[in-house]
Structures are given as structure tokens and as C-alpha cells.
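Each chain gets a letter, A, B and so on, in the order its sequence line appears, and its residues count up from 1.
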There are 2 protein chains.
Amino acid sequence: MAEQDRASSTAKRAAKPTINDVARLAGVSKKTVSRVINRSTLLNSETRERVERVIAELGYVPNPQARALALRRNFLIGLIHDNPNAQTVLNVQQGILEALQGTEFELVVRPVDRRSPLMIEDVRAFLSRQRLFGVLLLPPISENDVLAELCEELGCRYVRMGSAQLDDPEHLVASNDREAVREATTYLIDQGHSLIALIEGPRGFRSAAERRAGFEQAIEAAGIELPRNFIAEGNYTFESGIAAANRLLDLGPPPTAIFASNDEMAAGVVHAANQRGLSVPENLSVIGFDDTAIAAHIWPPLTTVRWPIIPMARSAALKLVGNASDRAKAAAEPSFFLSSLVRRASVAPPRP
Amino acid sequence: MAEQDRASSTAKRAAKPTINDVARLAGVSKKTVSRVINRSTLLNSETRERVERVIAELGYVPNPQARALALRRNFLIGLIHDNPNAQTVLNVQQGILEALQGTEFELVVRPVDRRSPLMIEDVRAFLSRQRLFGVLLLPPISENDVLAELCEELGCRYVRMGSAQLDDPEHLVASNDREAVREATTYLIDQGHSLIALIEGPRGFRSAAERRAGFEQAIEAAGIELPRNFIAEGNYTFESGIAAANRLLDLGPPPTAIFASNDEMAAGVVHAANQRGLSVPENLSVIGFDDTAIAAHIWPPLTTVRWPIIPMARSAALKLVGNASDRAKAAAEPSFFLSSLVRRASVAPPRP
DNA sequence: GCATACTTGGAAACCGGTGTCAGTGTATGC
DNA sequence: GCATACACTGACACCGGTTTCCAAGTATGC
């Protein structure tokens with residue numbers, strides 16, 4: 001019953017020419033056609049031409065499912081992420097697709113819920129079901145070592161993106177968040193600020209720890225002594241930025257500058273300042289991190305750290321698929337990217 | 001050479017149990033295992049149990065490529081889009097994935113460039129190569145009839161999303177943009193505005209035309225006579241919103257309220273107003289469209305039209321995959337969604 | 001008790017490609 | 001002129017599932 005149903009529902013689809021049709025019309029064997037498709041060098045140019053003519057005539061396109069079965073691997077790259085920022089995720093997708101352009105690989109997206117206890121099992125089911133060629137892991141979930149081990153266990157290639165230490169260039173594409181944040185904080189200090197607060201990312205995230213470390217290094221280097229509660233925690237969302245800003249601005253004395261660990265939270269800080277009748281940058285300087293679209297689009301335009309996520313994603317994807325054909329090239333793909341400060345209008349010297 | 005290389009590169013991957021292993025260990029034939037997997041009713045419950053035990057023991061998962069080959073269809077849904085708004089695209093992905101949750105379908109994303117002359121050929125290559133189960137088309141590219149015909153021609157199921165007329169409920173999920181914009185414009189009129197400008201979307205887009213029609217209906221119903229140049233064109237980006245706002249605010253007299261055809265452009269209007277020292281909503285009222293994250297995140301929070309894109313995407317996906325198993329259910333899936341006004345803080349009566 | 005219908009399970013073909021290996025035809029070496 | 005090497009091609013098995021077809025077992029009707 002169910003079987004019949006399924007059969008009839010596919011019956012209407014147009015029958016496509018197969019490799020057998022091509023072989024028959026060209027008067028050669030399947031294998032020869034396969035050789036033409038795969039650019040084998042062991043081929044008489046006359047035969048190749050004849051087969052190619054038939055292929056063009058028929059509009060033959062190899063069936064990727066059959067290929068995947070015979071080759072015991074498919075051409076799907078997975079993107080596993082739980083990043084809350086839409087622009088970041090889309091930028092990553094863009095970078096990956098740039099790298100995949102012209103190849104036979106396609107991108108399958110898989111958002112997951114970091115907080116779900118079933119997350120790991122969910123990913124396990126996904127990976128064993130689909131047997132992807134490989135996966136890319138986006139921060140913050142890329143920091144989860146269990147996930148990386150799961151990939152190893154299931155024999156699935158993977159590349160992690162993030163601000164982690166450069167301990168494994170084959171599986172990691174990273175950026176120098178720590179130095180970039182130090183630079184940004186030093187910029188605030190150079191502008192004359194000494195009451196500088198930090199809104200950090202969630203505890204347990206390497207990116208959060210790296211950014212905090214950069215902040216603290218700069219503060220320490222300047223010999224500044226900060227009140228303990230000048231470090232607030234957020235969870236990378238706009239709302240958490242508002243909440244953290246309100247906590248900080250209620251302090252006595254309040255900070256004259258706030259570094260938020262991503263743009264989303266920085267936008268929340270600007271929002272909270274506006275709500276309180278404080279103007280940015282006159283009453284409060286703000287710096288964000290990421291340089292996503294929102295940074296340029298709010299008022300005032302946000303001074304922020306540009307995180308080169310698109311090149312990072314492209315590089316990660318090349319590393320992943322390059323691994324298949326050209327290991328050397330894949331290994332040569334850069335694993336480390338530099339973030340840098342973008343100066344816009346949300347920073348000014350503190351009012352005397 | 002190349003063949004050898006490929007073979008060796010896959011050799012390291014863990015060998016997974018196949019249906020043959022299960023059959024052998026359970027002491028039954030492949031077909032019986034297949035029947036268990038596919039929940040066929042023609043099975044002794046004792047046999048089923050035995051097979052299921054072996055499946056669990058081995059951790060057997062059917063190979064989707066082999067299934068796809070045998071069934072002559074795969075389990076991939078494509079999302080073809082050229083939407084400039086990250087939040088919209090991600091919301092759509094979220095809606096689709098909610099619908100696909102628990103099914104064997106996966107989502108493949110495919111951004112395209114609407115302006116490229118190769119776009120159609122690009123999509124054709126994509127569709128004939130991958131032989132997807134079906135595709136979802138996002139606006140604005142969903143309005144391209146050539147694309148829909150291409151899907152028909154290639155025998156690829158499709159569902160279009162957009163603000164188009166409800167002419168084909170099997171292939172379309174739409175919203176009532178026109179009425180929603182009329183409502184929003186009427187709200188501005190009720191607040192006392194009569195110098196109301198429109199920033200419309202690009203010519204040739206049905207969504208742009210629908211929204212403009214709603215605007216004009218409201219203006220006409222109120223008996224307002226607008227200067228011709230109170231309708232400016234944008235292209236749905238933040239920057240085009242700034243440019244259009246500057247053109248409008250340079251007019252004499254300038255508008256006291258601006259309706260922008262999406263939030264991105266509305267944010268640009270707010271940005272431009274701030275740059276000119278105008279405050280929103282005191283000196284200028286602004287309404288957007290979409291209710292994406294940016295609407296709530298800029299200051300002041302944007303009054304906007306909520307476009308129920310997530311439920312629309314979910315419904316579109318259900319329509320697409322439901323089509324396979326349960327035509328009736330798919331047809332029953334709603335094809336029409338209501339947009340409604342969300343009142344925030346960017347609208348106030350005009351200053352006397 | 002036997003014919004019949006209905007379950008249940010297996011053998012073999014098939015989906016559309018790729019890998020292995022043997023066979024043919026031509027160039028080269030002696 | 002014959003043996004050998006090499007380039008090219010095809011027959012066939014195989015990837016891991018589903019489907020067709022048939023046979024055997026079992027329940028039911030008479």
C-alpha cells in the first residue's frame with residue numbers, strides 16, 4: 001500500500017537520461033562514459049568527443065545519488081551552528097558557498113540548540129543518517145569538544161571556527177580576538193577613558209574568555225584599577241546587552257565607556273543609553289565586536305572590531321573539501337585571521 | 001591515478017553496518033529488514049522484534065544515498081533565495097527546519113544573484129544536478145515566473161512565498177501585504193499626518209507593487225492629495241533607505257511621516273533623520289515592514305508591519321513535503337497569512 | 001480432509017553510477 | 001618478424017537499498 005503510493009507519486013517526474021542511454025547511443029560501454037565524465041586521461045580523444053557530443057545532445061547529467069553510492073561518499077557539507085546572530089550565520093553561509101562555487105558540493109544547514117540535553121544525540125543522529133562529506137562548526141558550538149570527538153568517532157571530517165588556540169590547524173580556523181580586544185580597549189584608554197566596563201559573553205565560552213583576557217591585559221598594562229563589578233555578563237543577544245548596560249550604568253560611578261563582546265550587545269548598550277537620555281558618544285563611548293551589518297546601521301555608527309568571518313568561513317570550507325582532493329592545498333589554507341579595529345562614531349573622549 | 005587517490009582517501013572512514021549485515025545476523029532476507037524499516041504491515045510481529053533488536057545492537061542506519069537511488073528520489077529540500085535581509089533568510093530557514101523536524105528531509109541552501117544574466121542557467125544546473133525533492137522560493141526571486149516554469153519543466157516540486165495573488169494555492173504561500181500597508185498608512189493619517197511619503201521597493205517586484213497599492217488606497221480614501229515626488233524608490237537595503245529619506249527630507253515641504261516598504265529601509269530613514277538632527281518620532285514618524293529584529297533593536301523601536309514569515313515558511317515546507325505522502329494534508333496547509341501592525345515608538349502626531 | 005485464500009519470507013533484478021581486471025590493437029625493442 | 005609494453009576499451013561485479021515475483025506456510029471454507 002505505502003509502497004505503491006510512493007511509486008505512483010514519483011511516476012510523474014520526467015525520466016532523465018542515464019549513463020546507459022549515453023553509452024548505447026555513443027556505441028561505447030558505461031565505463032567509457034564514466035571515464036569521460038571523470039576526465040580520465042586514459043582516453044582516445046576521438047572517443048571522448050563522440051561521447052561528449054551524445055552527452056550534450058541528451059542533456060545528460062550524472063545522478064549524484066548513484067555517484068555517492070558507488071563512491072561511498074557524498075557531496076554534502078553540513079553547517080552546524082547555534083549562533084544567535086543572523087548576520088553572522090548568513091555571512092558564514094556566504095563564505096562557505098563562495099568556496100563551494102564551481103564544485104559539486106552543496107551546503108546543508110543544521111541549527112541546533114546548545115542548551116538542549118539532546119543536542120549531542122541530535123547531532124549524532126544527523127551525522128550517522130546523512131553521512132555528510134564533512135561539517136563546519138560555528139562558534140559558539142564549535143567550542144564544544146564533545147562535538148568534535150563525535151565527528152572523529154563517526155569518521156566525519158570537520159573544521160571548527162572560532163577564537164580558540166591554534167592547536168590543530170587541520171581542524172581549526174581561528175582569529176586573534178584577544179589582541180584585537182586589547183587594541184580596542186587601548187584605544188578607549190588613549191581617548192582618556194579610565195572608567196571602562198566590559199560586557200563579556202557567557203561563561204564557559206572560549207571566545208568570551210579570549211575577549212575578556214584581551215580586555216584585562218589592556219587595563220592592566222595601563223595600570224588602571226577597575227571596580228570588580230565593571231565586568232558584566234551577557235549572552236550575546238541584544239536584550240542581554242540592554243540588561244547589562246542598565247546594571248553598569250546604575251553603578252556609582254558609572255563607566256564612561258563600555259566594551260561589549262559583540263555588536264548585538266553593543267547595540268543593546270546604545271539602546272539602553274538612549275532610553276536613559278544618555279547620548280552616545282557624548283555621555284558614553286561604546287565599542288562592539290564582529291562588525292556585522294547592525295554596527296554600521298544603528299545611530300551613531302558603532303566603532304567595533306571587524307571579525308573577518310566571511311574569509312574565515314571560505315577558508316574553513318576550502319580546508320574541508322580540499323582535504324578530499326589535495327591535502328597539501330588544504331593544509332596550506334590559512335588557519336588564522338586577524339581582527340582589527342574599525343573606528344566609527346560611537347567613541348569620544350569622556351566629558352571632563 | 002585519480003581513481004586510486006579517491007579510493008584511498010575514503011578507506012579510513014569507519015565501515016558502517018549495512019542492511020546485509022542486519023539480515024545475516026537476524027537470519028532473514030534483506031527484504032524483510034527493509035519491511036521493518038519501512039513499517040510495512042505485512043510482517044510477523046516476532047520477526048519484526050528480532051530484526052529491530054539486531055538493528056539496535058548494530059546501530060544500523062540506512063544509507064540515504066542508496067535509498068535515494070532505489071526510490072528514485074532524494075530527501076533534500078532546496079531553499080533558493082536572493083533576499084538581502086539576513087534576519088528574513090534566517091527566519092525562513094528556521095521555519096522550514098521546524099517543519100522538517102522529525103522527517104528525513106534536509107535543507108540545502110542556494111543563494112542566487114537576481115541581477116546575474118546567468119541566474120536561470122545557474123539554477124537549472126543546480127536543479128538538474130541535484131535532483132532535489134523540491135524547492136522553496138523566497139521573495140523577491142519567488143516572483144520570477146521563469147523560475148517557476150523551470151521547476152515545472154524539470155519536474156521539481158516547488159512552493160513560492162510572497163505577497164502575490166492567491167492564484168495557485170498548491171504552489172504559493174502568500175500574505176495580505178496590501179491590506180496591512182493600508183492599515184499602517186491609515187494609522188499615520190489617524191495620528192494627524194497628511195504629509196506622508198512612501199519609500200517603495202524596486203519596480204517590477206510584486207511585493208513593492210502590493211505595498212504601494214495599499215499605501216495609495218489609504219491616501220485616496222482619506223482624500224489626501226500628495227505631491228508626486230512623495231513616492232521614492234529604494235531597493236530594500238539600509239543604504240537605499242538613507243538615500244531615499246534624504247531626497248524626501250530635502251523637499252519643501254518635507255513629509256512629517258514616512259512609510260518604508262521594509263524595516264531595513266526604515267532603519268535607514270531613522271539613521272538619516274538622526275544625521276540631520278531630526279528626532280524620531282518628534283520631528284518625523286516612521287513605519288517599516290517585516291518586523292525583523294532590527295525593528296525592535298534600533299532607537300526608537302520601530303512601529304512596523306509584522307510579516308509572519310516563520311509560519312509562512314513552515315507552512316510552505318509542509319506543503320512541499322506533505323505533497324509526497326499526504327496530498328490532502330498538503331492542500332489543507334494554509335496558503336494565506338495575515339500581516340498586522342505592531343505599534344512601537346517611531347510614530348507620533350505631527351508637530352503643529 | 002482437501003481446496004482455497006491469505007500471510008510471510010526469500011531470490012533475483014534493478015536503481016545509476018564506479019572499480020577491477022582481462023582483452024584487443026598498436027608502438028617499440030631486439 | 002616476434003616478443004613485449006603500453007594505451008585504450010569493455011564485461012562484470014559491486015555500492016546498499018527497494019521492488020517484483022514466486023514459493024512455502026497457515027488459516028479458513030466447505
| request: Rounded to the nearest angstrom, tell me the gap between atom CG in B:N74 and atom P in C:dG16. | output: 14 Å
| Counting distance only, does the side-chain N/O of B:N83 pair as donor-acceptor with the main-chain N or O of B:T88 below 3.5 Å? | no
| remark: Sorted by chain and residue number, the side chain to side chain donor-acceptor pair (under 3.5 Å) partners of B:R124 (sequence neighbours excluded) come out as B:E153
| message | My understanding is that only residues two or more places apart in sequence, or in another chain, count here; which of them pass ring pair (Phe, Tyr, Trp, His ring centres under 6.0 Å) with B:Y60? | response | none
| request: Provide, to the nearest angstrom, the distance between the CG atom belonging to A:N38 and the P atom belonging to C:dG16. | output: 17 Å
| request: If a pair satisfies salt bridge (Lys or Arg N to Asp or Glu O under 4.0 Å) and one of its residues is in residues 91-104 of chain B, list it, with sequence neighbours excluded. | output: B:R67-B:E104, B:E98-B:R314
| request: Just jot down the salt bridge (Lys or Arg N to Asp or Glu O under 4.0 Å) partners of A:R48, sequence neighbours excluded, or say none. | output: none
| remark: Rounded to whole Å, the CG-P distance (B:L71 to D:dC15) equals 19 Å
| field | Residues B:K16, B:D21: salt bridge by 4.0 Å N-O rule | value | no
| Divergence of helical axes at both termini of the helix from C:dG1-D:dC30 to C:dC30-D:dG1 - five pairs an end, 10° steps | 40°
| remark: Sequence neighbours excluded, the answer for side chain to side chain donor-acceptor pair (under 3.5 Å) partners of B:N91 is B:Q87
| request: Indicate yes or no: at least one non-hydrogen side-chain atom of B:I19 is less than 4.5 angstrom from one of B:P62. | output: no
Polar atom pairs (N or O), protein with nucleotides 22-25 of chain D, under 3.5 Å:
none

| field | Interatomic distance where CG belongs to B:L69 and C1' belongs to C:dC15 [whole Å] | value | 4 Å
| query | Rounding to a whole Å, what distance do you find between B:K16:NZ and D:dC15:P? | reply | 17 Å
| task | Under the side-chain contact (heavy atoms from CB on, under 4.5 Å) rule, collect the residues that match up with A:L100, sequence neighbours excluded. | result | A:I77, A:I96, A:T103, A:F105, A:L107, A:A317, A:V321
Could you write out each protein N or O paired with an N or O of nucleotides 6-9 of chain D at a distance under 3.5 Å?
| from | atom 1 | to | atom 2 | distance (Å) |
| --- | --- | --- | --- | --- |
| D:dT9 | OP1 | A:T47 | OG1 | 2.3 |
| D:dT9 | OP2 | A:N44 | N | 3.1 |

| said: I'd like to know if A:K31 reaches the base of D:dG10 with its side chain, counting only an N/O donor and acceptor under 3.5 Å. | reply: no
| query | Does B:S34 have a side-chain nitrogen or oxygen under 4.0 Å from the phosphate oxygens OP1 or OP2 of D:dT18? | reply | yes
| task | Can you sort out the partners of B:E149 under side chain to side chain donor-acceptor pair (under 3.5 Å), two or more places apart, ordered by chain and number? | result | none
| said: When you measure from the side-chain N and O atoms of B:R67 to the phosphate of D:dG16, is any distance below 4.0 Å, counting only OP1 and OP2? | reply: no
| query | A:A70: what forms a side-chain contact (heavy atoms from CB on, under 4.5 Å) with it, not counting sequence neighbours? | reply | none
| task | Let me know the distance between CG of B:N63 and C1' of D:dG16, rounded to the nearest Å. | result | 6 Å
| request: State which residues pass side chain to side chain donor-acceptor pair (under 3.5 Å) with B:D82; sequence neighbours excluded, sorted by chain then number. | output: B:R114
| request: Using atom CD of B:Q65 as one end and atom P of D:dG17 as the other, report the distance to the nearest whole Å. | output: 10 Å
| message | Expressed as a whole number of angstroms, how long is the span from A:E104:CD to C:dT18:C1'? | response | 13 Å
| task | For the side chain of B:I19, starting at C-beta, report the closest nucleotide among D:dG17, D:dC15, C:dT18. | result | D:dG17
